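Worth saying up front: this structure is predicted, and the values here are computed from it rather than measured. Every chain is numbered from 1, with letters handed out A, B, ... down the list of sequences.
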Amino acid sequence: MPELPEVEVLRRDLDKETSGKKIKSVEVFDERSIKRNANVKAFVNALEGKKITSVSRTGKWLDLALDKTDHLVIHLGMSGQLLKATPKSEDPDHLKVRLSFTQGGALLFIDPRIFGEMAVLSGEEFAATEDIQDLGLDALDQQISWAEFGRMLMSRRTKLKSLLMDQKFIAGLGNIYSDEVLFNAGLMHDRVSNSLSAQEVRRLYRAVIEVLQEAVKYRGSTLSDGGYVDLFGKPGDYRQYHKVYDREGEACRRCRRPVVKAKISGRSTYYCEACQV
DNA sequence: CGCGTCGCCTGTGGGC
DNA sequence: TGCCCACAGGCGACGC
């Protein structure tokens, strides 16, 4: 569910809400959410008594820096949520981990499908974790020239959608935003990366930046199932600005033809047959 | 190297 | 009402 915009919105709020806070206690309700620490006890011990110093993000990974050099890394997978606990509320369904702070309050990790994870990594382990270190350029934070982007495209011979979703190529785009980017660029999902004209390269790169910036501005996409909410439980507003994703049969905002939905290598793919070539 | 499929999990919604 | 199937924002392992 959460792609770069949703994770970035969470990062900003987490930085405000948790930086400087000390972790008093950690409760793990489902050890399947702790995938790369030796065991739950090691995870808990590595967190209790530590202070969160800052919150950063690369692609879809959150990285909460702890005093010393440890990192609490979080990936939300398909269904993960981070919520600031409210004093009165009951524990939500699928609560996997609660971090309680000495200053009061708590951070909840909720994840029905358990594709997400939390882990504490030492500086050394963090530097050796390929899932994080081998990410491509962060699509928002590490902007490059379109000429350089063109060289990256030319070095591959891959269909555009799968390339945009390849976290080792560019980090942060998933199924929603790759479709939105391709519509904004006027390109079909199955165009091959090294076939683009210079103008198409420019359009594609500009679309990556613009779509992500707009999506962050509107605090991400919440679909009808309400799967994504921010740290305070509020949905994002970007869904209403989608050009194609989740708009099957609705009029293309540019040419009024119905938006098409297709199944491409197992993933729903939305596009306009007329506006994308 | 690129691509399609499957599996990991659980919940939900549609069709019958 | 109930059952079964398809499907869901991610991602890595396979096999061709």
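- Spacing of P atoms, B:dT5 relative to C:dA6, comes out at 15 Å, to the nearest Å.
- Counting non-hydrogen atoms under 4.0 angstrom, A:Q167 reaches the backbone sugars and phosphates but no base.
- Rounded to a whole Å, the CG atom of A:D111 is 13 Å from the P atom of C:dG10.
- No engagement by A:S79 is indicated, since no non-hydrogen atom pair under 4.0 Å with the nucleic acid exists.
- Evaluation of the side chain to side chain donor-acceptor pair (under 3.5 Å) rule for A:R151 yields A:E148 as partners, not counting sequence neighbours.
- Shown here are the salt bridge (Lys or Arg N to Asp or Glu O under 4.0 Å) partners of A:E125, two or more places apart in sequence or in another chain: there are none.
- At C:dC11, one or more side-chain N or O atoms of A:K60 fall inside 4.0 Å of OP1 or OP2 (strictly under the cut-off).
- The two residues A:N45 and A:K50 come nearest to each other via the heavy atoms O-NZ, 4.3 Å.
- Put simply, chain A comes within 4.0 Å of DNA chain B, heavy atom to any atom, from B:dG2 to B:dG11, going 5' to 3'.
- Applying the side chain to side chain donor-acceptor pair (under 3.5 Å) rule to A:K217 yields no partners; only residues at least two apart in sequence or on another chain are considered.
- Comparing the same atom, P, in C:dC5 and in B:dC6 gives a spacing of 16 Å after rounding to whole Å.
- Contacts between residues 112-122 of chain A and DNA chain C, counted as heavy-atom distances below 4.0 Å, involve A:R113, A:F115.
- Residues passing the ring pair (Phe, Tyr, Trp, His ring centres under 6.0 Å) test with A:F126 are A:H71, sequence neighbours excluded.
- Ion pairing between a basic and an acidic side chain is recognised when a charged N comes within 4.0 Å of a carboxylate O; A:K68 and A:D70 show no such pairing.
- Atom P of nucleotide C:dG10 and atom CD1 of A:I132 are separated by 17 Å, given to the nearest angstrom.
- Residues from residues 212-248 of chain A with heavy atoms under 4.0 angstrom of DNA chain B: there are none.
- Looking at every heavy atom in both residues, A:S193 comes nearest to A:L163 through CB-CD2, 3.6 Å.
- Contact detail for A:K96 and A:D111: the closest heavy-atom pair is CE-O, 3.0 Å.
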Could you go through nucleotides 12-16 of chain C and list every protein N or O atom that sits under 3.5 Å from one of its N or O atoms, giving the distance for each pair?
{"unit_1": "C:dG12", "atom_1": "OP1", "unit_2": "A:D131", "atom_2": "OD1", "d": "3.4"}

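- Atom CZ in A:R267 sits roughly 18 Å away from atom P in C:dA6 (whole-Å rounding).
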For residues 97-104 of chain A, dump all side-chain donor-acceptor pairs below 3.5 Å to protein atoms at least two apart in sequence or in another chain.
{"unit_1": "A:R98", "atom_1": "NE", "unit_2": "A:E27", "atom_2": "OE1", "d": "2.9"}
{"unit_1": "A:R98", "atom_1": "NH1", "unit_2": "A:D91", "atom_2": "OD1", "d": "2.8"}
{"unit_1": "A:R98", "atom_1": "NH2", "unit_2": "A:E27", "atom_2": "OE2", "d": "3.3"}
{"unit_1": "A:Q103", "atom_1": "OE1", "unit_2": "A:K22", "atom_2": "N", "d": "3.1"}
{"unit_1": "A:Q103", "atom_1": "NE2", "unit_2": "A:G20", "atom_2": "O", "d": "3.3"}

| So what's the dot-bracket for DNA chain B: Watson-Crick or G-U pairs under 3.5 Å, [ ] if a pair crosses, | if it pairs off-strand? | .|||||||.|||||||
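- Remark: side-chain polar atoms of A:T53 are paired, donor with acceptor, to backbone N or O of A:A65 under 3.5 angstrom.
- For the pair A:Q81 (side chain) and A:F109 (backbone), a donor-acceptor distance under 3.5 Å is absent.
- Side chain of A:S178 to backbone of A:L164: no donor-acceptor contact under 3.5 angstrom is found.
- Looking at heavy-atom distances under 4.0 Å, A:K261 makes contact with sugar-phosphate atoms alone, never a base.
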| request: Could you walk me through whether A:S122 and A:T69 pass side-chain contact (heavy atoms from CB on, under 4.5 Å), step by step? | output: CA-CA 6 Å; A:S122 69; A:T69 59; 5.5 Å; no
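- Panel note: side chain A:R219, backbone A:G236; no donor-acceptor pair is recorded below 3.5 Å.
- The distance from atom NZ of A:K161 to atom C1' of C:dC11 is 15 Å, rounded to the nearest whole Å.
- Residue A:K35 is classed as having no contact, given no heavy-atom separation below 4.0 Å to the nucleic acid.
- Atom CZ in A:R32 sits roughly 21 Å away from atom P in C:dG10 (whole-Å rounding).
- Atoms CG (A:D166) and P (C:dC11) sit 10 Å apart, rounded to a whole Å.
- One P atom belongs to C:dC14, the other to B:dC9, and the distance between them is 16 Å to the nearest Å.
- Contact detail for A:R247 and A:V259: the closest heavy-atom pair is O-CB, 3.3 Å.
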Donor-acceptor pairs under 3.5 Å, side chain of residues 2-9 of chain A to any protein atom, not counting sequence neighbours: which ones?
{"unit_1": "A:E3", "atom_1": "OE1", "unit_2": "A:G174", "atom_2": "N", "d": "2.7"}
{"unit_1": "A:E3", "atom_1": "OE1", "unit_2": "A:Y177", "atom_2": "N", "d": "3.1"}
{"unit_1": "A:E3", "atom_1": "OE2", "unit_2": "A:N175", "atom_2": "N", "d": "3.3"}
{"unit_1": "A:E3", "atom_1": "OE2", "unit_2": "A:I176", "atom_2": "N", "d": "2.8"}
{"unit_1": "A:E6", "atom_1": "OE1", "unit_2": "A:E3", "atom_2": "N", "d": "2.8"}
{"unit_1": "A:E6", "atom_1": "OE2", "unit_2": "A:Y177", "atom_2": "OH", "d": "2.6"}
{"unit_1": "A:E6", "atom_1": "OE2", "unit_2": "A:S221", "atom_2": "N", "d": "2.8"}
{"unit_1": "A:E8", "atom_1": "OE1", "unit_2": "A:R11", "atom_2": "NE", "d": "3.2"}
{"unit_1": "A:E8", "atom_1": "OE1", "unit_2": "A:R57", "atom_2": "NE", "d": "2.7"}
{"unit_1": "A:E8", "atom_1": "OE2", "unit_2": "A:R11", "atom_2": "NE", "d": "3.4"}
{"unit_1": "A:E8", "atom_1": "OE2", "unit_2": "A:R11", "atom_2": "NH2", "d": "3.2"}
{"unit_1": "A:E8", "atom_1": "OE2", "unit_2": "A:R12", "atom_2": "NE", "d": "2.8"}
{"unit_1": "A:E8", "atom_1": "OE2", "unit_2": "A:R12", "atom_2": "NH2", "d": "3.4"}

Which pairs of donor and acceptor atoms, one on a side chain in residues 266-277 of chain A, lie under 3.5 Å apart (sequence neighbours left out)?
{"unit_1": "A:T269", "atom_1": "OG1", "unit_2": "A:K161", "atom_2": "NZ", "d": "2.9"}
{"unit_1": "A:T269", "atom_1": "OG1", "unit_2": "A:R267", "atom_2": "O", "d": "3.3"}
{"unit_1": "A:Q276", "atom_1": "OE1", "unit_2": "A:C272", "atom_2": "N", "d": "2.9"}
{"unit_1": "A:Q276", "atom_1": "NE2", "unit_2": "A:L187", "atom_2": "O", "d": "2.8"}

